[in-house]
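Notes to accompany the following structure.
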Amino acid sequence: MSYSKISIVTPSYNHARFIERTVRSVVGQRYPNLEYIVMDGGSSDNTVDILKPYEAHISHLTSARDGGQSDAIASGFERSTGEIMAWLNSDDMLAPGALDYVNWFFKNNPDVDFIYSHRLAVDADDKAIWYWLLPRHSSYLMSRWDLIPQETCFWRRSLWEKGGNVDRSFQFAMDYDLFVRYMKIGRFRRANRFLGAFRQHDSAKTSQLLATVGAREINRVWVDNGMKPHFFSPLLAHRFSKSVTWRGMRFALNGKVLPGCLSGIGYSYDRVWAGQLLGG
């Protein structure tokens, strides 16, 4: 099999507690045509020291003050050259074998521009805590309700070239804005597996900003893309999000397994990686 170049950008700022596991989940893929770009915003903790042992596996590393997360991601993409693109935040992780699967998928599905998966969430100590089990992709639903798991997303460079870069003016919903723009021009597919793990912790932007900045920016995406809520929108949003979480609960309670996870909850994500993630 030939290996398309995959470019992954990791934006980082003062995430020394988590970033090594993020980096190990990328370089541990052992993918032979990887372009890994780390854009650190001038961290004042020991992030850069943690990254030093991995410099041989990082195609480009910048540590300097930037304009925030969106600016770091956009700048990283501007440096990238891969046929397939993604970004992975410095507290999230890829699942083992994710890049081999993504490469295989795009080669065997030339009509698809964008792929994502279900979501597995872990806590600050890498313990699996919940799942989202998503339905088949619907651009109508996913453009209106922000449930595409960003850490599992990969897309073709041609889509980025047509749909544009991350909008640097967003602080929270930069992924939602980007994906809504891409859904207008590209074909999406949800893979029936877990391509990564989302970390939920108290200092995460998702935890801190969703009710304030997040709500304003999500509304901005609706306005910018001509989407108008109707009378039943709150009910549809509630039912859609609850169905995703309920299916995830049943998945865990029934002890089911898909590639990229183990059975149930409470296990360490390092076990999914057969002990290779923490590095001893």
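These numbers come from the heavy atoms of this one structure, side chains and all, not from hydrogens, waters or symmetry mates. The first residue in the sequence is number 1, and the count goes up from there.
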Exercise: do S2 and K107 side chains pair donor with acceptor under 3.5 Å: yes

Check whether any side-chain N or O of N254 sits under 3.5 Å from a backbone N or O of K256 as a donor-acceptor pair, and report yes or no. no

For the backbone of H60 and the side chain of E55, can you confirm whether one donor and one acceptor N or O come within less than 3.5 Å of each other? no

Does the plane of the ring in W130 sit parallel, tilted or perpendicular to the ring in F198? Use 30° and 60° as the thresholds. tilted

So does V221 get a backbone contact from the side chain of N225, meaning a donor-acceptor N/O pair under 3.5 Å? yes

If we ignore hydrogens and angles and just use 3.5 Å, is the side chain of N109 paired with the main-chain N or O of D111 as donor and acceptor? no

Between D91 and R21, does at least one N-O distance fall below 4.0 Å, as a salt bridge requires? no

Quick check: does any side chain N or O of T22 sit under 3.5 Å from a backbone N or O of S90, one acting as donor and the other as acceptor? yes

Ignoring hydrogens and geometry, is there a side-chain-to-backbone donor-acceptor pair from R144 to A237 under 3.5 Å? no

Say whether V166 and I185 are linked into one hydrophobic cluster, either directly or through other cluster members, by side-chain heavy-atom distances under 4.5 angstrom. yes

Sidechain-backbone polar pair: D270 side chain, L277 backbone, donor-acceptor under 3.5 Å: yes

Is it true that D167 and S169 share a donor-acceptor pair across their side chains at a distance under 3.5 Å? yes

If you group Ile, Leu, Val, Met, Phe, Trp and Tyr by side-chain heavy-atom gaps below 4.5 Å, do L236 and W246 land in one group? no

Whether D123 and K127 form a salt bridge (side-chain N of Lys/Arg under 4.0 Å from carboxylate O of Asp/Glu) is what I want to check. no

Ignoring hydrogens and angles, state whether a donor on the side chain of R157 or S80 is under 3.5 Å from an acceptor on the partner side chain. yes

Cluster link M249 to F251, ILVMFWY, side chain under 4.5 Å: no

For the pair D45 (side chain) and A16 (backbone), establish whether a donor and an acceptor sit closer than 3.5 Å, ignoring hydrogens and angles. yes

Is the centre of the Y269 ring less than 6.0 Å from the centre of the F194 ring? no

Shortest non-hydrogen pair, W132 vs H118, comes out as O-CB, 3.2 Å

Report whether V48 and V27 are members of the same hydrophobic cluster (ILVMFWY, side-chain heavy atoms less than 4.5 Å apart, transitive linking). no

Given 3.5 Å as the limit, does a donor-acceptor pair link the side chain of Q29 with the main chain of L99, or not? yes

For Y101, does the six-membered ring have the charged nitrogen or CZ of R193 within the cation-pi criterion, i.e. under 6.0 angstrom from the centroid and within 45° of the normal? yes

Ring-plane angle category for F18 and H15, please: parallel below 30°, perpendicular beyond 60°, tilted otherwise. perpendicular

Y182 and Y140: same hydrophobic cluster, using ILVMFWY side-chain contacts below 4.5 Å? yes

With no hydrogens and no angle check, do the side chains of Y176 and E217 hold a donor and an acceptor under 3.5 Å apart? no

Examine R220 relative to F170 and say whether NZ or CZ is less than 6.0 Å from the centre of the six-membered ring and inside a 45° cone about the ring axis. yes

Between Y36 and V23, does a side chain to side chain contact (heavy atoms under 4.5 Å, CB included) hold up when you go through it step by step? CA-CA 9 Å; Y36 190 30; V23 172; 3.8 Å; yes

Under a 4.0 Å threshold between the charged nitrogen and the carboxylate oxygen, would R168 count as salt-bridged to E78? yes

Strictly by modelled atom types, are Q69 and N89 linked by a side-chain donor-acceptor pair under 3.5 Å? yes

Ion pair R156/E161, N-O distance below 4.0 Å: no

Could you check whether R247 and Y131, counting side-chain N and O atoms only, form a donor-acceptor pair closer than 3.5 Å? no

Would you confirm whether D40, through its side chain, and S43, through its main-chain N or O, come within 3.5 Å as a donor-acceptor pair? yes

Within 45° of the axis and under 6.0 Å from the centre of the six-membered ring of F188, does NZ or CZ of R190 qualify? no

Identified ring-ring contact (aromatic ring centres under 6.0 Å, His included) partner of F114 from the options F106, F179, F154, W160: F179

Less than 4.5 Å apart, side chain to side chain, heavy atoms only: is that true for L134 and P149? yes

Stepwise side chain to side chain contact (heavy atoms under 4.5 Å, CB included) check, T10 with L88: CA-CA 5 Å; T10 289; L88 184 69; 4.1 Å; yes

